[in-house]
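A short write-up of the structure that comes next.
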Amino acid sequence: MALKLIEQHHFFAEPGIITGQKVDVGGVIHKGQATVVLRGIEPSFNDGEDHFIKIIKIRITNVKPRDTFIEYDIEFDFMDDSNHKGSSNVDVLIVAAVD
């Protein structure tokens, strides 16, 4: 058994959900032992103005290890108190025990 670490990068131009991300981990996942963790974010409003953040939310959901791949969804929400929507880079790390 080996531990596989796989970095994935996602970009959100505005709040939303990316569904059905499917990543091959390069081997059979041992007894479903795999997960996806948040590695980093880089939120921005891209207009140079000051903003009072109302909400920032990033959720990794529906993580499903299957055979040699893992599936997951990412939800991103970023808004200021005037309801201006922001963008963000979101980096995740897939951690899987493979045979």
Can you find a pair of side-chain heavy atoms, one from Val92 and one from Arg39, that are under 4.5 Å apart?
no

What heavy-atom pair brings Glu14 and Phe76 nearest, and what distance separates the two atoms?
O-CD2, 3.9 Å

Spell out, yes or no, whether Ile53 and Val90 are grouped together once hydrophobic residues are joined by side-chain heavy atoms under 4.5 Å, including indirect joins.
yes

Value for CZ (Arg59) from OH (Tyr72), rounded to nearest 0.5 Å, stands at 16.0 Å

Provide the closest heavy-atom pair for Pro65 versus Gly32 in the form atom of the first, atom of the second, distance.
CG-O, 3.5 Å

Okay, side chain of Ser44, backbone of Asn46: is any donor-acceptor separation there less than 3.5 Å?
yes

In Å, rounded to the nearest 0.5 Å, how long is the span from NZ of Lys57 to CG of Asp77?
5.5 Å

Would you list the pairs meeting ring-ring contact (aromatic ring centres under 6.0 Å, His included) in which at least one residue belongs to residues 26-48, sequence neighbours left out?
Phe45-His51, Phe45-Phe78

Leu93 reachable from Leu3 in the ILVMFWY side-chain graph, under 4.5 Å edges:
yes

Smallest heavy-atom separation, Ser88 atom then Ile41 atom, equals OG-CB, 4.1 Å

Run the numbers on His9 and Asn89 for side-chain contact (heavy atoms from CB on, under 4.5 Å), then give the verdict.
CA-CA 7 Å; His9 177 79; Asn89 290 300; 3.2 Å; yes

Same cluster (ILVMFWY, side-chain, under 4.5 Å), Ile18 and Ile58:
yes

With clusters defined by side-chain heavy atoms of hydrophobic residues (ILVMFWY) lying less than 4.5 Å apart, directly or transitively, does Leu38 cluster with Ile70?
yes

Given the rule in the side-chain contact (heavy atoms from CB on, under 4.5 Å) test, do Glu49 and His84 qualify, once you have shown the distances and angles that lead to the verdict?
CA-CA 11 Å; Glu49 295 182 21; His84 296 114; 5.9 Å; no

Do Gln8 and Ile94 have side-chain heavy atoms sitting under 4.5 Å apart?
yes

Show the nearest heavy-atom pair for residues Ala34 and Val63, with the distance to one decimal.
O-CG1, 4.5 Å

Taking only distance into account, with no hydrogens and no angle test, what donor-acceptor pairs under 3.5 Å do side-chain atoms of residues 19-29 form with protein atoms, sequence neighbours excluded?
residue	atom	partner	partner atom	Å
Asp24	OD1	Gly26	N	2.7

Closest heavy-atom pair and its distance - Lys54, Asp81:
CB-N, 3.7 Å

